[in-house]
Amino acid sequence: MKKIHKINFALVVFVIFSVAFYGCGTVNLFDCDTGRAKSKCTKRTKDEDARIALDNGDMTTAVKLLQELVDANPTEYKRYPLLSAAYAGKSGFDILSVVTANFGGANSLVQTMTSFLPTPITKGDLYEQSLVDMDSSVDTLNIIPAEYRESTSADKYATSAVLQLTLYQAAYGIMLLNKFTYSTTEYDASKLSSMTAEDAAKILEALAGAAGAAGAGASATAAIAAIQAQPGATDQEKLAAWSQAAR
Amino acid sequence: MRSLYTSLSRPRKNWLPWEFLSFFVFLTLVMDQTSFAAKGSAPVYEDPFDIGSGGASLTRASQAGMMFSNPALIPYGPGFHRWAGNESTLIVGKDSVEFAKSMKSGGADSSAAGTTKMIETVLKTPIHAGALNNFAYINRVFGFSTFSRSEVDLSAKKFGDTGLPAVRFRAESYSGVGVSLASMALTRFASVGVTGKYLYASEPDLAIDLTDTEKIKSLQSPTGIKSLVSMNTGIGYDAGMLLFFQGSSNDLRLAFKADDLGGTKLKGKADLKLLKQVYSLGLGYTIHTGTDAIVFTLDYRDIKKAYQEELFKRVRMGTKILIRRHLGLGLGYYDGWPSYAVELDAFIIRLTAAIYTREFGAKPGIDPRTVYALGFTMGM
């Protein structure tokens with residue numbers, strides 16, 4: 001009888017501890033944000049929080065944190081490619097689609113990129129913000145000095161910056177063009193008439209920025225040549241003709 | 001269960017000043033060793049039940065785990081013979097299991113959207129797997145063990161460090177032979193033990209951007225692969241001390257351990273060249289009857305922060321309940337995350353199951369892996 005009493009005592013203590021542990025849920029005891037540590041917790045750095053935000057697809061938070069870090073230390077150029085990727089992700093650019101995409105030929109840039117880029121149809125009223133974010137993505141990479149942005153560099157951040165810049169410039173050019181070819185519900189070529197000379201210049205500038213590199217860059221080079229070969233007196237007319245031919 | 005719940009037959013005795021002195025002399029001798037640099041502070045081999053119970057094993061450890069957790073544990077137990085047998089454990093990441101389930105039930109989708117979705121799933125699902133094996137003979141003064149521990153972790157990220165998709169491959173591979181000697185010669189309330197180990201060790205850690213074709217190409221060559229799979233070898237020593245204050249229904253244990261005395265230097269082509277010397281302290285409190293016990297344990301590892309690990313990786317705590325020497329339940333905090341374990345000891349066969357989370361990141365929540373461990377032990 002006495003022994004049973006002692007077993008019960010042990011069980012009761014264990015159950016109490018089990019409940020106490022269970023009460024802590026599935027969080028880490030030492031996590032400063034969610035943990036239960038009352039003495040010394042382990043605070044994550046802003047870089048680590050940005051990393052978690054990226055992994056979770058929370059691009060708004062990732063952009064905010066990385067931008068703060070870049071602003072605080074503007075000569076730490078290794079962060080720029082990551083910030084640029086976060087801006088691109090925020091715009092709706094899916095980097096995985098690029099990995100599996102097949103760029104080839106002058107017309108494929110519109111067809112291939114439009115297949116995975118955000119459009120006025122998929123983004124609706126938020127499309128303008130997507131354009132701003134993609135533009136920020138390009139601007140971020142352009143801040144990096146040329147010597148830290150070399151495709152032949154042994155530094156993987158430098159080579160990543162070159163590759164991303166090619167992709168995002170091409171993407172920005174196509175997104176800008178799609179602004180004039182889609183309504184929020186369907187393909188609408190009639191909107192091309194609203195394209196200004198300034199708009200056309202921006203599109204061509206973006207495509208020219210991407211031209212020269214392999215993959216999407218080669219496709220951009222071919223696209224520029226094809227645009228110049230289109231009938232029309234102005235860049236708007238040539239772009240409009242190419243846009244419709246490329247579909 | 002014998003090794004978890006040791007004999008309570010030793011008589012009580014007052015603590016003598018020279019016994020304290022011997023303890024502090026031991027501490028001083030070991031603490032004088034120089035610290036070197038290298039990787040994590042965990043022992044090279046741990047029993048899955050101990051890990052699932054929080055991993056605080058300096059004052060209590062299961063079977064062959066004693067030799068590597070703290071060799072000074074060896075003298076405490078009933079009889080001369082402690083353990084002879086083999087332990088095999090399979091480790092599988094929780095995410096890997098769920099990924100396998102989704103692949104089985106999902107069916108093929110060859111469309112572009114389906115391909116992207118599959119890649120998304122792969123990127124979000126790290127694959128973690130491993131196996132442990134240990135064959136050991138242990139008596140009151142001596143232990144011999146051959147062991148192997150291999151864990152592989154493959155993860156991919158949509159946004160790698162440079163912003164492009166990246167894959168990371170990590171592995172931990174330790175195998176070798178351990179020989180322990182332990183004694184209670186100094187005092188009945190204290191034991192000391194030493195484990196010498198001959199190690200084959202490797203910890204490849206490789207991150208590749210999916211767009212880095214040069215790196216991928218280099219890994220396809222024989223020399224590239226060799227750099228990943230080659231093992232370094234070296235001889236190292238662990239030393240431990242245990243103070244055991246025993247009562248009729250409860251006891252208190254204090255442990256001190258130094259892993260890799262003087263630093264274990266490893267030779268070979270792998271990157272892992274040194275296991276740093278690490279000092280750890282353990283506290284254990286047990287409430288018991290003749291056959292049942294509840295054990296509370298707390299380890300404070302790597303006191304001098306040789307590996308520069310954060311507190312959540314160096315503090316381990318947990319509790320075990322041992323019923324009739326046949327059933328064990330454990331819970332605790334391992335790497336700061338809740339962990340759970342159960343074991344069934346049917347005389348010569350012991351089954352263990354544990355769920356715990358390893359944090360691969362430097363801070364909590366950055367790169368955690370929840371792991372299932374299933375162990376089968378045969379021996380006595």
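Throughout, a chain's letter reflects where its sequence line sits, starting with A, and its residues are numbered from 1.
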- Query: Who are the side-chain hydrogen bond (donor to acceptor under 3.5 Å, both in side chains) partners of D161(B), not counting sequence neighbours?
  - Reply: none
- Query: Should the heavy atoms of other residues, nucleotides or ligands under 6.0 Å from OH of Y372(B) be counted, would the total exceed 12?
  - Reply: yes
- Answer key: most heavy-atom pairs under 4.5 Å with chain A among G336(B), G163(B), P368(B) is G336(B)
- Point-to-point distance, once rounded to the nearest 0.5 Å, from CZ of R51(A) to CD1 of I366(B): 10.0 Å
- Task: Would you name the heavy atoms of L82(A) and G160(B) that are closest together and state the gap between them?
- Result: CD1-O, 3.3 Å
- Do any N or O atoms from the side chain of T162(B) and from the backbone of S160(A) form a donor-acceptor pair under 3.5 angstrom? no
- Message: Distance check, rounded to the nearest 0.5 Å: D94(A) atom CG versus K158(B) atom NZ?
- Response: 4.0 Å
- Separation of D55(A) CG from F159(B) CZ (nearest 0.5 Å): 9.5 Å
- After noting the C-alpha distance and the side-chain angles of L164(B) and L163(A), does the key distance pass the side-chain contact (heavy atoms from CB on, under 4.5 Å) rule? CA-CA 9 Å; L164(B) 294 171; L163(A) 179 57; 3.8 Å; yes
- Query: So what's closer than 4.5 Å to chain B heavy atoms on I52(A): side chain, backbone, both or neither?
  - Reply: side chain
- Message: Applying a heavy-atom distance below 4.5 Å, give me the residues of residues 352-364 of chain B that approach chain A, sorted by number.
- Response: A362(B), K363(B), P364(B)
- Message: Does any backbone or side-chain atom of T45(A) lie under 4.5 Å from a heavy atom of chain B? Answer side chain, backbone, both or neither.
- Response: both
